[in-house]
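In this chain, residues are counted from 1 in sequence order. What you see is a predicted model; the values in this text were computed from it and never measured.
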Amino acid sequence: MTQIEETNLLDAIGGVPLASTANVVEVTDLHKWFGRNEVLKGISMMVKQREVVVVCGPSGSGKTTFIRCVNHLEKIQQGRIVVNGHLIGYREENGKLVADKERNIARQRQEIGMVFQRFNLFPHKTALGNIIEAPIQVRGVPEDEAIEMGRKLLARVGLAHKEEDYPAQLSGGQQQRVAIARALAMRPAVMLFDEPTSALDPEMIGEVLEVMKELAREGMTMIVVSHEMGFAREVADRIVMMDEGLIIEEGTPEHFFTNPQQERTKSFLSKIL
């Protein structure tokens, strides 16, 4: 595995991003339908500053839909999502939620870093170009400052020698590390990971998990959808189990792995451990 060149990832962006509220993420009674299919059936969750929450569960349980709703990549039909003190995707008028303007939603998303299963890098931009694009275009960071930060981030994910390479020239693990650096460059209040190792070859999984572990140790607030139970046991403050659109169990890793209460949780763990 490629060694990370520096000990502190968040130094590259000026330290741990400061959240405006004690609870960085507040999800209340979240419902989501696709046609007649209710995928999320009343999800509520709070994530505190510097907390790492791992969300697990079988395929089709609603995990990815949930995390996409937090970033308003999926519109919700009921409930509310607050990130860093701001309603996501909606504004309140006369006690009711109405759809917000796209420019306000884009501003809210600046506080949310998202890392996808399939990297989603710009294929026509270099590794460095991918990282500096949003800080320059969205946050208005001067180009020389963005380049300096981008190079520091690449060094800290072990890819200083790849800054001029395009995504097609990088392995899957390298692309995912660039994607993490790109999300961090916006100095988000929370990082969302949607099964970030599921598309990787087994030998590449460790290098991505190591970067994520480093972020957790440094105090980044994180919600991670993952089946990597070793990572969850080592890093998570809390593990949440979803099934059929509901949270059926949550607790510390010790509780989750040694004393789960729900038979569905026990059955799930017996299949993946």
Side-chain angles (χ1 to χ4, degrees), residues 1 25 27 30-47 51-71 73-74 114-120 171-173 175-177 179-180 190-217 221-273:
M1 188 183 76
V25 178
V27 179
L30 173 59
H31 292 255
K32 171 68 182 175
W33 284 266
F34 290 110
R36 295 183 178 180
N37 182 24
E38 188 177 10
V39 179
L40 300 177
K41 303 173 182 177
I43 299 290
S44 294
M45 180 190 296
M46 288 192 179
V47 182
E51 188 176 21
V52 177
V53 176
V54 172
V55 181
C56 64
S59 297
S61 59
K63 307 182 303 294
T64 289
T65 300
F66 166 70
I67 208 166
R68 287 175 62 85
C69 287
V70 174
N71 204 21
L73 295 174
E74 298 288 352
M114 183 83 177
V115 178
F116 301 88
Q117 297 178 31
R118 293 283 176 180
F119 325 136
N120 287 12
S171 71
Q175 289 186 63
Q176 195 63 296
R177 283 184 280 158
I180 293 171
V190 60
M191 286 281 285
L192 309 179
F193 294 85
D194 182 16
E195 300 197 37
T197 61
S198 65
L200 300 179
D201 293 334
E203 65 268 21
M204 297 177 185
I205 290 173
E207 62 192 37
V208 173
L209 290 179
E210 194 57 43
V211 173
M212 294 170 63
K213 290 175 186 177
E214 187 65 29
L215 280 177
R217 286 192 289 265
T221 306
M222 299 162 63
I223 303 177
V224 183
V225 172
S226 180
H227 289 150
E228 297 290 342
M229 292 294 98
F231 170 85
R233 190 190 296 268
E234 180 180 348
V235 174
D237 297 296
R238 184 158 41 106
I239 300 176
V240 171
M241 170 79 178
M242 289 184 63
D243 189 38
E244 297 185 351
L246 293 166
I247 292 175
I248 63 168
E249 185 153 4
E250 62 181 300
T252 64
E254 181 181 8
H255 157 86
F256 192 79
F257 289 111
T258 64
N259 191 32
Q261 301 301 299
Q262 301 297 321
E263 288 302 320
R264 186 68 184 91
T265 307
K266 296 174 184 177
S267 172
F268 175 76
L269 289 174
S270 71
K271 291 179 174 63
I272 66 171
L273 292 179

Exercise for the section: Please report the C-alpha distance between Glu74 and Thr65 in whole Å, then the side-chain angles of each, then the deciding distance to 0.1 Å, and finally whether the side chain to side chain donor-acceptor pair (under 3.5 Å) criterion is met. Expected result: CA-CA 7 Å; Glu74 298 288 352; Thr65 300; 6.0 Å; no
**Message:** Please determine whether side chain to side chain donor-acceptor pair (under 3.5 Å) holds for the pair Glu244 and Ser61, giving the CA-CA distance in whole Å, both sets of side-chain angles, and the decisive distance to 0.1 Å.
**Reply:** CA-CA 4 Å; Glu244 297 185 351; Ser61 59; over 6 Å; no
Notebook entry, point to check: Where do Lys266 and Glu263 land on the salt bridge (Lys or Arg N to Asp or Glu O under 4.0 Å) test, with the steps shown first?
Noted result: CA-CA 5 Å; Lys266 296 174 184 177; Glu263 288 302 320; 3.3 Å; yes
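Minimum heavy-atom separation, Ile67 to Ile223: CD1-O, 3.7 Å. The two residues Val52 and Ala216 make their nearest non-hydrogen contact at CG2-CB, 3.7 Å. Taking all atoms of both residues into account, the shortest heavy-atom contact from Pro260 to Leu269 is CG-CD1, 4.3 Å. Looking at every heavy atom in both residues, Leu40 comes nearest to Cys69 through CD1-SG, 4.1 Å.
Heavy-atom contacts from other residues, nucleotides or ligands closer than 6.0 Å to CD of Gln262 number more than 12.
Under 4.0 Å is where a charged nitrogen must lie from a carboxylate oxygen, and between Arg217 and Glu210 at least one such pair does. Looking at Arg238 and Glu250, a side-chain N of the basic residue comes within less than 4.0 Å of a carboxylate O on the acidic one, giving a salt bridge.
Put simply, NZ on Lys32 and CD1 on Ile43 are 14.0 Å apart, with the number rounded to the nearest 0.5 Å. The CD atom of Glu234 sits 9.0 Å away from the CG atom of Leu209 when rounded to the nearest 0.5 Å. Once rounded to the nearest 0.5 Å, the distance linking CZ of Phe66 with CE of Met242 reads 7.0 Å. Rounding to the nearest 0.5 Å places CE of Met212 at 8.0 Å from CE of Met191. Note that the CG atom of Asp243 and the CD1 atom of Ile248 stand 5.0 Å from one another [nearest 0.5 Å]. Phe116 CZ to Leu73 CG: the interatomic distance, rounded to the nearest 0.5 Å, is 5.0 Å.
Between Thr221 and Glu51, the side chains place no donor N or O within less than 3.5 Å of an acceptor N or O (distance only, hydrogens not considered). The closest side-chain donor-acceptor pair between Ser267 and Lys271 falls under 3.5 angstrom. Side-chain atoms of Glu195 and Ser226 form no donor-acceptor pair, as typed in the model, at a separation below 3.5 Å.
Distance alone, capped at 3.5 Å, places no donor-acceptor pair between the Lys213 side chain and the Val235 backbone. A donor-acceptor contact shorter than 3.5 Å is absent between the side chain of Thr197 and the backbone of Leu200.
Remark: Glu254 engages no residue in a salt bridge (charged side-chain N to carboxylate O under 4.0 Å, His left out) (not counting sequence neighbours). In terms of the ring-ring contact (aromatic ring centres under 6.0 Å, His included) criterion, residue partners of Phe268 (sequence neighbours excluded) are, by chain and number, His227.
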